[in-house]
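All heavy atoms count here, side chains included; hydrogens, waters and symmetry mates do not. First the proteins, then the strands, lettered A, B, ... as listed; each starts at 1.
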Number of protein chains: 2
Amino acid sequence: MAEQNVPRYQTIHEEILARLKQGLYSVGTRLPSEEALAKSFGVSRVTVRRSLEMLVSAGYLISRQGSGYTVSTLSPPSTTCLISFTDAILKSGRVPGARLIGIDRFDGDAPATVQALFDEPVVRIQRLRMVDGQPRMLVNTWVPTRLVPDLSDADFPEDGPNQSILRILVRRFGLEWGSACETIRPQLASDEVARLLGLAPNTPILAQACSALDDSGAPVFYDEVYRDSPITYELVGASRRERSE
Amino acid sequence: MAEQNVPRYQTIHEEILARLKQGLYSVGTRLPSEEALAKSFGVSRVTVRRSLEMLVSAGYLISRQGSGYTVSTLSPPSTTCLISFTDAILKSGRVPGARLIGIDRFDGDAPATVQALFDEPVVRIQRLRMVDGQPRMLVNTWVPTRLVPDLSDADFPEDGPNQSILRILVRRFGLEWGSACETIRPQLASDEVARLLGLAPNTPILAQACSALDDSGAPVFYDEVYRDSPITYELVGASRRERSE
DNA sequence: TCTACATATTAGTAGATACAAATTAGTCAG
DNA sequence: CTGACTAATTTGTATCTACTAATATGTAGA
């Protein structure tokens, strides 16, 4: 059976996005008109329009009245701060890597902040993210053992497109989170962090902490990142936010 | 004349938002149904629905099929990082303040990074942002002199709701920006910054730099923030982004 | 009183339609 | 060939309609 009740605007949205990523409509060119797309998909203009609006608000397309939809970019700026390290590095044309340092299980003996958040057995995945072979940041990810029953070293490839731990947790274990809270603190590199990142002791670094919760408010994962390099965000101003405030 | 061509869904959106802020519909309660709202506004259900969708995607409302729209919060998490310091502090129930240190004009003799960005005479507004009377961060804002012809000390109140420099620049001088790029770096407090913020020399701090551009790509302002305190973001995950990817 | 069922309410999806507004393309005069 | 006007194209706004799906409510039976 597996009857899926996915709305049509959703499938059409995904189809157009897939075409964009495939390069069927290249950057700067115009898409077929709403009318033509609606006809080709066999739906009304309203429905295809909804799909296009999603792509506009996601930043892929730009619509101009009387003119049409033009492809803006294939990698729109992320509006969240949970942007994937892998994506960001790939986008900048460099080679991302990940060295797994270790997977450790804790049962009540995790650091206080982590223990207070989860209050159940947790796994710590400790990885060193690399750029062009150089260590760039230390990432500690904490997840309840319950959610990742048979986690192993094999789940964390050292290279390739599937290094993102968020992607791994989502795809492999079906983890889902509804909201998250991220903080960025300044601090001095500890001896261990300095050694792993190849820095002088007491170098000022950024410590990012991110705790993600599911829709019921239960914690799903906790992420610590220690890095020497700056964090960069691209933001969009009034033009893009027009419809949301 | 001043004939305004504002779409109805926009005015209705604003009206409902105003009602929310006024407390007409309080948090946790249900709004009138789409049908009822449509009737009261004298528009179709589709139109009022569009307004409600905007409020849902902005985080004010939560919709449940068969149930209705409930008021989620009056201060939804910002999706951009350009959140106003004033707003954030007010939201946490503390009292924000701002001490103007000085307004200085530069004509070709600004620091290299600033000069490279603007390549024209600029003004530096140097302010100390306070929380409950304690200095919390040092903010240097650089704007082309051309855009703020008659800037003076009087434009920067020490307290009250209009401290936000972004708001001042927008309201008073009509500044607009289309996109921005923000970076966060770790560094050690210089003697001057340490003195102004009341920190020990060489304390690790965060240095935020934000450059904002208008739609044509010309720089509008450049902002430097030095702070000891962490930066916090609230993020929303898949549930909210459902319609944008 | 409590449960199970039927009914009403309410949002979600989708279509057809009409007109407005902006842009583009085409045409014609000079 | 150029410029001005016209027509066609294309998106933006808005209405009415119909049906589906989830939720809430009310009612009858145990």
**Message:** Regarding A:Arg49, tell me which of base, sugar-phosphate or nothing describes its non-hydrogen contacts under 4.0 Å with the strands shown.
**Reply:**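 Counting heavy atoms under 4.0 Å across all strands, the contact made by A:Arg49 includes a base.
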
Any side-chain N or O of [X] below 4.0 angstrom from OP1/OP2 of [N]?
X	N	result
A:Tyr9	C:dT13	yes
B:Ser44	D:dT15	yes
A:Arg64	C:dT24	yes
A:Ser63	D:dG12	yes
B:Thr47	D:dT15	yes
B:Tyr69	D:dT23	no

**Prompt:** How do A:Val46 and A:Leu52 order along DNA chain D: which one's closest nucleotide is nearer the 5' end?
**Reply:**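 Looking at DNA chain D, the more 5' nearest nucleotide goes with A:Leu52.
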
**Item:** Over all atoms of both residues, closest heavy-atom pair of A:Ser211 and A:Leu117
**Value:**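 Nearest heavy atoms, A:Ser211 then A:Leu117: CB-CD2, 4.0 Å.
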
**Message:** Quick check: closest heavy atoms across B:Pro144 and B:Pro219, and the distance to 0.1 Å?
**Reply:**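 For B:Pro144 and B:Pro219, the tightest heavy-atom pair comes out as CG-O, 4.2 Å.
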
**Item:** Residues B:Glu35 and B:Lys39 bridged, charged N to O under 4.0 Å
**Value:**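 Looking at B:Lys39 together with B:Glu35, the answer is no, because their closest N to O distance does not fall below 4.0 Å.
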
**Prompt:** With no hydrogens and no angle check, is any side-chain donor or acceptor of A:Ser26 less than 3.5 Å from a backbone partner on A:Gly23?
**Reply:**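 Not a single qualifying donor-acceptor pair exists.
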
**Message:** For D:dG12, does the base pair up with any side-chain atom of A:Arg45 as donor and acceptor (N or O, under 3.5 Å, distance only)?
**Reply:**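 Looking at the base of D:dG12, it does pair with a donor or acceptor on the side chain of A:Arg45 (distance under 3.5 Å).
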
